[in-house]
Protein chains: 2
Amino acid sequence: MTQEQFAKYSFLLDRTARKVKQYAQQQFKLGDFDVTVDQWLVMKNLSENGPMSQTELAGLVFKDHPTLTRIIDLLSKKGYVERVPHPQDRRSFQLHLTDSGVSKVAALRPQILEIREKAWENLNQTDFDEFKRILNTIYQNLDGQEIEE
Amino acid sequence: MTQEQFAKYSFLLDRTARKVKQYAQQQFKLGDFDVTVDQWLVMKNLSENGPMSQTELAGLVFKDHPTLTRIIDLLSKKGYVERVPHPQDRRSFQLHLTDSGVSKVAALRPQILEIREKAWENLNQTDFDEFKRILNTIYQNLDGQEIEE
DNA sequence: TACAAATAATTAGTGTGACAAATATATGAA
DNA sequence: TTCATATATTTGTCACACTAATTATTTGTA
């Protein structure tokens with residue numbers, strides 16, 4: 001294994017991740033979903049884990065705070081999410097899905113699950129397990145921290 | 001395999017790709033490399049394949065034309081790359097590394113190869129082959145076109 | 001109590017990614 | 001030759017990623 005190969009794998013990883021995101025975004029657009037892939041990720045996590053602060057949510061979706069602030073701004077303009085002042089801590093907000101946000105998640109979830117399947121055709125369970133293991137190994141190599149599940 | 005799992009793998013892929021890029025960019029910054037990871041990719045390809053048009057280069061690095069135009073603008077401001085008018089086709093440019101660009105590539109290449117190694121610790125040749133195969137399968141699933149190599 | 005340090009969120013600035021539209025030039029067919 | 005079409009590149013717009021700095025508030029400690 002030459003050093004050159006490592007650069008090529010990094011390139012391949014980046015290229016593939018972009019393609020997966022781009023494909024999903026195109027399908028979102030075709031379906032007039034009115035949210036981006038990243039906005040969906042945020043709404044999905046709010047839906048599954050209930051109201052939480054931006055810091056907690058940022059940790060869940062692995063986005064930095066400025067990025068999350070802007071995604072929340074956009075979702076809030078669209079009326080899917082609202083910032084409710086935290087009762088004890090005035091620096092902080094609790095993020096809630098609005099009724100409209102809840103309906104949106106319910107409407108989109110099955111369609112998005114289908115879109116997400118396409119990338120994984122022609123691969124089997126062993127491939128998925130290996131892939132997950134390798135991705136997690138890479139992440140850990142660079143993170144210097146443990147990761148869970 | 002539930003549909004939910006596919007969404008998780010997509011998330012993991014995106015997260016890992018971002019981490020790899022982020023780690024590299026941090027190291028670039030620590031070393032005062034004066035280029036970004038993507039700018040380096042462009043310079044490296046120019047260095048290895050000689051002068052070429054923006055369209056050719058965009059194909060090599062899998063970036064779209066507007067993105068490449070802007071990266072070339074930045075590299076050109078930094079004096080590492082120049083656009084030379086194509087002798088036969090006035091719509092087109094030949095991209096050249098300047099002398100300064102050539103030196104830059106020579107100086108950075110070994111350091112960057114080392115940085116790139118870190119992600120792949122604790123993995124063996126079989127892992128690399130599997131990883132590459134799976135990434136390429138995913139890409140093909142979504143691209144609708146054949147890929148080479 | 002008072003004040004330094006920590007925390008939650010935002011703002012600002014730069015770079016990249018995707019998509020659409022515009023500009024300039026080249027090519028091929030009538 | 002002329003005109004429609006194709007090609008190379010750029011411009012514009014929006015969204016996301018990362019860093020650094022800022023604001024507001026809370027917490028820990030003297």
Side-chain angles (χ1 to χ4, degrees), chain A residues 11 14-30 33-42 52-59 61-78 81 83-95 142, chain B residues 11 14-30 32-42 52-59 61-78 81 83-95 142-143:
Chain A
F11 170 74
D14 180 66
R15 188 184 79 155
T16 306
R18 273 192 285 128
K19 177 60 88 176
V20 168
K21 190 167 200 166
Q22 183 194 8
Y23 174 80
Q25 191 59 58
Q26 283 170 347
Q27 299 304 116
F28 275 37
K29 189 164 200 174
L30 277 180
F33 287 4
D34 186 39
V35 291
T36 66
V37 170
D38 296 282
Q39 288 163 19
W40 164 254
L41 179 66
V42 164
M52 70 185 92
S53 73
Q54 291 188 200
T55 296
E56 289 172 294
L57 185 51
V61 299
F62 286 80
K63 293 192 180 298
D64 55 35
H65 293 206
T67 298
L68 190 58
T69 290
R70 277 152 193 148
I71 291 176
I72 297 298
D73 286 348
L74 292 170
L75 286 175
S76 156
K77 256 185 220 154
K78 291 177 183 172
V81 170
R83 291 179 170 98
V84 178
H86 188 289
Q88 272 81 47
D89 188 340
R90 286 192 301 167
R91 295 168 304 180
S92 175
F93 300 103
Q94 289 296 108
L95 302 173
L142 302 182
Chain B
F11 171 72
D14 181 66
R15 188 185 78 155
T16 306
R18 274 190 284 129
K19 176 60 90 177
V20 168
K21 190 165 201 168
Q22 183 193 6
Y23 174 79
Q25 191 58 59
Q26 283 171 347
Q27 299 303 117
F28 275 36
K29 189 160 203 174
L30 278 180
D32 278 320
F33 287 3
D34 186 39
V35 291
T36 66
V37 170
D38 296 283
Q39 288 162 19
W40 165 254
L41 179 66
V42 164
M52 68 185 92
S53 73
Q54 294 188 195
T55 295
E56 289 172 296
L57 186 51
V61 299
F62 285 82
K63 295 190 181 296
D64 61 19
H65 293 201
T67 298
L68 190 59
T69 289
R70 280 151 192 150
I71 290 175
I72 297 297
D73 287 347
L74 292 170
L75 286 174
S76 159
K77 258 185 219 153
K78 290 178 183 172
V81 170
R83 291 180 170 99
V84 177
H86 188 289
Q88 272 82 45
D89 188 341
R90 287 193 301 166
R91 295 168 304 179
S92 177
F93 300 103
Q94 290 296 107
L95 301 173
L142 303 181
D143 199 42

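Proteins come first, then strands; the chains are lettered A, B, ... in the order of their sequence lines, and each starts at number 1.
Nucleotide C:dG15 holds its P atom 11 Å from the CG atom of B:D34, rounded to whole Å. Rounded to whole Å, the distance from CG on B:D14 to C1' on D:dA15 is 13 Å. For B:Q88 and D:dT7, the CD to P distance is 19 Å, given to the nearest whole Å. Per the geometry, CG belonging to A:D64 stands 17 Å off P belonging to C:dG13, to the nearest Å. For B:R18 and C:dT16, the CZ to P distance is 17 Å, given to the nearest whole Å. Spacing between atom CG of B:L95 and atom C1' of D:dA8 amounts to 11 Å, rounded to whole angstrom units. Atom NZ in A:K19 sits about 12 Å away from atom C1' in C:dA18, given to the nearest Å. Nucleotide D:dC14 holds its C1' atom 15 Å from the CG atom of A:L75, rounded to whole Å.
One distance of note links CD of A:Q22 with CD of A:Q27; it measures 11.0 Å at 0.5 Å rounding. Taking CG of A:D14 as the reference point, atom CG of B:L41 lies at 8.5 Å (rounded to 0.5 Å). Atom OG1 of B:T36 is separated from atom CG of B:L75 by 7.5 Å, given to the nearest 0.5 angstrom.
The 5' end of DNA chain D is approached more closely, in terms of each residue's nearest nucleotide, by A:D38 than by the other of A:R90 and A:D38. Two residues, B:Q26 and A:V37, neighbour DNA chain D, and the one matched to the more 5' nucleotide by heavy-atom proximity is A:V37.
Between B:K21 and D:dA17, a side-chain N or O to OP1/OP2 separation shorter than 4.0 Å is absent. One finds no side-chain N or O of A:K63 lying less than 4.0 angstrom from the OP1 or OP2 phosphate oxygen of D:dC16. Distances shorter than 4.0 Å separate none of the side-chain N or O atoms of A:Q25 from OP1 or OP2 on C:dA18.
A:K78 places a side-chain N or O within donor-acceptor distance of the main-chain N or O of A:D34, the cut-off being under 3.5 Å. Between the B:Q25 side chain and the B:V37 main chain, a donor and an acceptor come within less than 3.5 Å of each other.
Nearest approach of A:S53 to A:Q94, heavy atoms of both residues: N-OE1, 3.8 Å.
Using a cut-off of 4.0 Å between Lys/Arg side-chain N and Asp/Glu carboxylate O, B:R83 and B:D73 are scored as salt-bridged.
Residue A:T67 places its side chain closer to D:dC16 than to any other of C:dG15, C:dC19, D:dC16.
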Once base and sugar-phosphate atoms are separated, protein heavy atoms under 4.0 Å mark nucleotides 6-11 of chain C, 5' to 3', with B, S and - as BBSSBB
